[in-house]
Number of protein chains: 2
Amino acid sequence: MKKQSGEQPLGVKEIARRANVAIATVDRVIHNRPGVSPKTKSKIEAIIRELNYQPNILARRLASRHVLRLATLLPKVSSEETDFWTLPVAGIQKAEEEIKQFGVKIEPYYFDLNNRKSFAKVAKQILKNPADGILLAPSFIEESVSFIRSCKELKIPYVFINSDIPQQESLCYIGPDLFRSGYQAGQLIHYCTPRDTRVLVLNVSHEIEDHHHLLRKEEGLRAYFANTARPIVKKDIQQTDPASIEKVLTKALQQHPDTRAVFVTNSRVAAVSRFLEKRARKNKDQNILLIGYDFTKENVSRLDQGHIDFLICQQPGEQGYRGIMALYQHLVMKVPVEKTHFMPIDIITKENHAFYI
Amino acid sequence: MKKQSGEQPLGVKEIARRANVAIATVDRVIHNRPGVSPKTKSKIEAIIRELNYQPNILARRLASRHVLRLATLLPKVSSEETDFWTLPVAGIQKAEEEIKQFGVKIEPYYFDLNNRKSFAKVAKQILKNPADGILLAPSFIEESVSFIRSCKELKIPYVFINSDIPQQESLCYIGPDLFRSGYQAGQLIHYCTPRDTRVLVLNVSHEIEDHHHLLRKEEGLRAYFANTARPIVKKDIQQTDPASIEKVLTKALQQHPDTRAVFVTNSRVAAVSRFLEKRARKNKDQNILLIGYDFTKENVSRLDQGHIDFLICQQPGEQGYRGIMALYQHLVMKVPVEKTHFMPIDIITKENHAFYI
DNA sequence: CTGAAAGCGCTTACAG
DNA sequence: CTGAAAGCGCTTACAG
């Protein structure tokens with residue numbers, strides 16, 4: 001079949017012909033470049049509208065000598081802490097694979113989640129040789145706000161993934177709705193445990209920065225049980241080593257022997273599962289439901305062994321992939337991008353994790 | 001930044017220069033077209049290998065006057081039955097939107113799920129003016145096998161979605177692992193109901209063709225409980241009207257008053273939920289867990305009202321999207337395609353359905 | 001069996 | 001402020 005049987009899409013050539021100008025002039029108008037008299041400009045613009053001109057992206061990228069650079073600013077993957085960020089990075093690579101044909105190049109930068117100064121330092125590096133677009137995880141709010149202020153000045157679009165800073169004019173946010181994920185955890189607990197038993201909420205984190213995020217999940221959980229008599233107790237564990245976890249948990253469970261569900265508000269659920277496993281061996285009668293977050297290697301392995309019951313996951317790979325694609329859509333295709341994209345709240349179990357990601 | 005600073009990707013021009021032939025001859029070799037002497041051919045092939053030549057897809061699609069036609073053969077969406085197939089269709093449209101710039105066109109064909117002859121009829125239409133690739137839901141096995149026999153003869157690649165016919169040399173299969181989804185349902189029942197209570201499996205379908213699929217799900221569920229004492233009973237309901245469902249269910253629940261979970265092996269779970277709702281009103285004491293399949297409008301609405309507990313879903317939209325993309329990858333990008341792609345087994349609840357799809 | 005040339009719809013120096 | 005022309009890396013008639 002031959003192309004364009006029927007409605008021939010008209011191009012710059014036809015626009016130039018109708019406007020009685022050279023193609024180069026049409027090009028100037030299309031890209032809003034200077035050097036066109038107002039009169040010529042409006043004439044060409046009228047014709048563009050009339051023809052409903054759609055640029056041919058293939059031709060554009062083929063002819064252009066400009067390669068589009070996208071910088072990513074994400075936490076470094078640290079095997080000691082959590083390998084969560086390997087998945088977004090993989091998603092970003094997949095996106096790059098798909099669009100590198102179109103002259104898009106990704107420049108990855110990494111900061112240390114335990115060191116807010118490293119964020120600022122790496123951010124400064126990015127600004128030294130600014131990319132055309134930026135994808136970032138705004139883990140440190142203050143530093144992120146300062147960084148994107150510079151981006152705004154340079155008119156560089158930026159996308160947030162995994163956590164949001166609202167009201168910052170980002171191109172878009174792609175990540176979880178923390179509150180609703182906590183709410184979902186509430187429902188699972190409701191289904192799986194007797195309704196008069198206690199729920200223990202654990203925030204295991206020394207990163208104070210995280211706290212706001214963890215609180216939103218806790219709020220979601222509490223909201224689910226708002227109109228019930230369900231007893232809920234919360235513990236913050238700031239030291240994340242096994243001994244500290246053991247100490248806090250032992251005490252909490254002694255204090256509240258009616259606990260039948262533990263909700264860990266982040267990926268540290270694996271560490272908690274270790275303690276509960278040990279405890280269950282001594283104490284056969286008590287079966288405690290354990291729910292936590294994130295598809296890390298360790299969590300999945302603990303899930304598979306039956307020491308974690310549910311993991312709530314939000315497609316971290318897809319977040320990276322879509323973040324890049326959003327920048328691409330915006331910069332190359334020039335199509336509008338959805339401002340907020342909440343990821344599905346996926347419930348991962350021993351039985352379905354093999355099909356995830 | 002200028003393009004190709006560094007490793008200049010070499011193209012046909014350079015190959016032609018090195019082989020001392022015209023570009024047209026290189027093109028013939030690249031596309032394995034006739035009219036090249038064996039000697040010239042092998043010489044060019046050697047250079048292509050040596051240079052690790054990667055064709056520029058942009059240039060290829062821009063220069064080519066050939067538009068790639070992909071036919072889709074799917075069940076017609078019938079509002080009376082189920083709107084399940086609207087989602088794959090939407091996924092296909094999304095894919096088309098993304099790749100129509102590259103001269104890909106989708107030609108949709110629909111058959112009637114209640115009429116196997118309609119499948120054969122529409123399939124014949126497709127063969128009258130064969131597309132370059134085909135995406136189909138092989139709902140009727142015999143007719144599908146006969147259709148793809150013709151496709152094989154014509155060397156047209158085809159992709160199965162939603163259900164598979166193994167050993168048919170399809171380019172790939174994209175859809176659920178039915179057995180494992182039944183297994184997952186088993187786990188949810190295990191978590192949510194007392195372990196000595198009964199599980200009722202319902203196959204609600206007059207389409208005998210379906211039966212094999214439904215059985216796989218049932219087998220998965222039974223496998224989960226294989227080494228337990230859990231009582232399981234199965235009922236087939238061949239008439240799908242409310243009265244027939246009511247009749248069978250009333251009898252089954254009378255016969256087995258210890259039933260605390262009902263597993264419906266397909267999207268007909270909404271109809272079952274109607275009966276159970278009615279029954280619960282009369283019979284307050286008995287709370288029965290209800291699990292079924294598919295993200296149809298009606299099912300989601302029943303889920304939202306609390307009359308269905310869990311829906312197992314397998315990203316129908318994504319199946320359509322990926323099916324088209326697989327054909328595109330194969331035909332345009334010429335990259336190898338994964339033979340089997342099982343979709344995640346998603347657990348959808350009242351609390352997370354709003355974030356799905 | 002092989003090659004020279006036009007063209008796909010754009011962008012980009014460069015000249016005026 | 002404007003235009004003529006070369007070129008992006010391919011494919012496609014057409015000529016020999």
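Just so it is clear, the values below take in all heavy atoms, side chains as well, and ignore hydrogens, waters and symmetry mates.
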Picking from [options], which would you name as closest to the side chain of [X]?
| X | options | value |
| --- | --- | --- |
| A:V21 | D:dG3, D:dC8, D:dC1 | D:dG3 |
| A:V36 | C:dC10, C:dT2, D:dT2 | D:dT2 |
| B:A59 | D:dG9, C:dC10, C:dG7 | D:dG9 |
| B:P38 | C:dA13, D:dT12, C:dC1 | C:dC1 |

Quickly work out the [X] [atom1] to [N] [atom2] distance and round it to whole Å.
| X | N | atom1 | atom2 | value |
| --- | --- | --- | --- | --- |
| B:R33 | D:dT12 | CZ | P | 6 Å |
| B:Q101 | C:dC8 | CD | C1' | 14 Å |
| A:K13 | C:dA6 | NZ | P | 14 Å |
| A:H31 | C:dA13 | NE2 | P | 14 Å |
| B:L51 | D:dC10 | CG | P | 11 Å |
| B:N20 | C:dG3 | CG | P | 8 Å |
| B:L62 | C:dA6 | CG | P | 18 Å |
| B:I23 | C:dG3 | CD1 | P | 11 Å |

Any Lys/Arg nitrogen of [X] or [Y] sitting under 4.0 Å from an Asp/Glu carboxylate oxygen of the other?
| X | Y | answer |
| --- | --- | --- |
| B:E45 | B:R49 | no |
| A:E153 | A:R149 | no |
| A:E97 | A:K94 | no |

message: Both distances below 3.5 Å, Watson-Crick or wobble geometry, any strand: find the nucleotide opposite D:dA13.
response: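 None - no nucleotide pairs with D:dA13, as no candidate has both distances under 3.5 Å.
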
Within less than 4.0 Å of OP1 or OP2 of [N], is there a side-chain N or O belonging to [X]?
| X | N | value |
| --- | --- | --- |
| A:T40 | D:dC1 | no |
| A:T25 | D:dG3 | yes |
| A:S37 | D:dT2 | yes |

- request: Determine, step by step, whether A:E14 and A:Y53 satisfy the side-chain hydrogen bond (donor to acceptor under 3.5 Å, both in side chains) criterion, reporting the C-alpha distance in whole Å, the side-chain angles of both residues, the deciding distance to 0.1 Å, and the verdict.
  value: CA-CA 10 Å; A:E14 177 63 15; A:Y53 167 69; over 6 Å; no

query: Which part of the nucleic acid, if any, lies within reach of B:G11 when heavy atoms closer than 4.0 Å are counted: base, sugar-phosphate only, or nothing?
result: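 Contact class for B:G11: sugar-phosphate only.
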
- prompt: Contact class for B:I57 vs. all strands (heavy atom < 4.0 Å): base, sugar-phosphate, or nothing?
  reply: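 The answer is nothing, as B:I57 stays clear of every strand by at least 4.0 Å.
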
field: Comparing A:Y53 and B:P34 on DNA chain C - which has the more 5′ nearest nucleotide
entry: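 Result of the comparison: B:P34.
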
- request: Could you tell me whether the side chain of B:R28 has a donor or acceptor atom within less than 3.5 Å of a complementary atom in the base of C:dG3?
  value: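 Per atom types, the contact qualifies.
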
query: In chain order, what residues pass the salt bridge (Lys or Arg N to Asp or Glu O under 4.0 Å) check against B:E318, with sequence neighbours excluded?
result: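 Salt bridge (Lys or Arg N to Asp or Glu O under 4.0 Å) list for B:E318, sorted by chain: B:R322.
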
